[in-house]
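A short write-up of the structure that comes next.
A note on names: the letters A, B, ... follow the listed sequences, proteins ahead of strands, and every chain is numbered from 1. The figures that follow rest on heavy atoms only: side chains count, while hydrogens, waters and symmetry mates do not.
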Amino acid sequence: MIAILDYGSGNLRSAQRAFELTGIKTVITSDPKLCADSDGLVVPGVGAYGACMKQLVDVGGKEIILNRVAAGKPVIGICVGLQILFEQGREKGGASGVGVLPGEVSELKSEILPHIGWNTVSAGKGTKLFEGLDGASFYFVHSYAVKKAVPDAVNSWTEYGEEFLSAVERGPVSAVQFHPEKSGANGARLISNWAKSL
Amino acid sequence: MTLAKRIIPCLDVANGRVVKGVNFQNLVDAGDPVELAKLYGDAGADELTFLDISASVEERSTTLEMVARTAEQVFIPLTVGGGIRSVDDVDALLRAGADKVSINTAAINRPELISEISDRFGDQVLVLSVDARRGKTPSGFEVTTHGGRQGAGLDALVWIEDATARGVGEILLNSMDADGTREGFDIEMITQVRSRTRVPLIASGGAGKLGDFALALDAGADALLAASVFHFGTFTIHDVKEFLNKKGYSVRL
């Protein structure tokens, strides 16, 4: 079973529909036991960093994620769900993140923001998420991003004004800055790649 | 590659059905939104926009079901506009499966609505739709309502600056002078708006030839929205993208 963490952020039904295509049973929940026992946990997220973190903490989501990662159980963050896995976000005055990945999230240096639309991902060596998808396009909507590589991880990159981390895979933690659930066949393939690793 | 320029077909819907001529080959039912959304998705649309032209509240509730059915099966971003007046309207559409909403008249009548929506759901869900025409305002472009028939007493560039400061993810700029003429986008309007805002700009109105799309991108549009040229098969989305690709623009093929 795949649990989609419900903390009031993100288009949960869209995420659920896309993960259901893998054939694995999917639930939307913030129940700690369901989240702990699931084969994979999806952390969605849209909106501002600080607001997302507050909502996450309010439903006990920070502990859910920390406990799963400590136990080596797979977690995938999507969009702001990627960002809050890092230590720090600098959006709107700044806020602390869950901190299972080292680094900070800062505004992209681009003339036009948000970064909205289809952009390509240059997949890191040894990637499982992007198997068969190196150089493929995915749908992005964001203004903030991680700019530095995560040590001891598979780092994948995209360019918009500057290079930023569009995906990272380290142990049980996977995260993507784009929306696989809105990225057509490429997104479905990526979700299926992740589901196969569960 | 860099960020691809987006090509977005726009469908008018009412009472849960696509209305106003869509004449596509291989179409069993020209009014079924799911079927059309799938066809456009397969044809390479980068996003889809539904414009709800329902006359009544009852009809709007069937639009929600239509959005839900479409989002069940089409995995590209879906924007819904038309008749949105409150945060609750936005909430209902997002829950049904829309990714973004576009607002127009309601924001002109009550600009606070913009920040109410963006504070709750984030700037990225909000597309500010601006119906503008040439007029006697300082920039030479004025905002209109009622499909371009009435002036709103607002300068288009002043309005766009005000609205984006309140929290808008994108601007959908519709030229009411060019709309339906098929004589090309309003290049001067696109150029002026581009110089005054940092958010992505979707240009609409006037597409008639393939070259029109390139000119609008040169003027600073990040995405291009069109309706009739796609619905009536003047050319396909793929034709537009192939043309742009050959000219050296970044598109998703």
| Top contributor to chain B interface from A:Q16, A:H142, A:R13 [non-hydrogen pairs under 4.5 Å] | A:R13
| chain B contact via A:L12 - which portion, at a heavy-atom distance below 4.5 Å | neither
| remark: Turns out that what part of B:K5 lies under 4.5 Å from chain A's heavy atoms comes down to neither
| query | By a 4.5 Å heavy-atom criterion (distance strictly below it), what part of B:A98 contacts chain A: side chain, backbone, both, or neither? | reply | backbone
| request: May I ask you to test the A:K182-B:V74 pair for a side-chain heavy-atom distance under 4.5 Å? | output: no
| Checking B:I76 against chain A: side chain, backbone, both or neither under 4.5 Å from a heavy atom? | both
| message | Do A:V141 and B:K100 have side chains that approach each other closer than 4.5 Å (heavy atoms only, starting at C-beta)? | response | no
| Rounded to the nearest 0.5 Å, what separation is found between the CD1 atom of A:I191 and the CZ atom of B:F75? | 8.0 Å
| query | Considering heavy atoms only, which positions within residues 186-201 of chain B lie below 4.5 Å of chain A? | reply | B:R194, B:R198, B:V199, B:P200
| note | One should read off an interatomic distance between B:D222 CG and A:I112 CD1, to the nearest 0.5 angstrom, of 4.5 Å
| remark: Taking every heavy atom of A:W118 against every heavy atom of B:L3, the minimum-distance pair comes out as O-CD1, 3.4 Å
| task | Could you check which of A:H179, A:E111, A:E20 has the highest count of heavy-atom pairs closer than 4.5 Å to chain B? | result | A:E111
| Is B:R110 atom CZ crowded by more than 12 heavy atoms from other residues, nucleotides or ligands, each under 6.0 Å away? | yes
| Option in B:R6, B:E47, B:Q124, B:E72 with maximal non-hydrogen atom pairs under 4.5 Å from chain A | B:E72
| said: Strictly distance-based, threshold 3.5 Å: is any side-chain N or O of A:R17 a donor or acceptor partner for the main-chain N or O of B:A71? | reply: yes
| query | Who in residues 111-123 of chain B is close to chain A, using a strict under-4.5 Å heavy-atom cut-off? | reply | B:F121, B:G122
| query | Is chain B contacted by the side chain of A:A48, its backbone, both, or neither, given a heavy-atom distance below 4.5 Å? | reply | neither
| field | Heavy atoms from other residues, nucleotides or ligands near NZ of A:K196 exceed 12 (cutoff 6.0 Å) | value | yes
| note | For A:P114 and B:G169 the tightest heavy-atom approach is CD-O, 3.3 Å
| A:Y139 versus B:P77: any side-chain heavy-atom pair under 4.5 Å? | yes
| Is it the side chain or the backbone of A:S110 that comes within 4.5 Å of chain B heavy atoms, both, or neither? | backbone
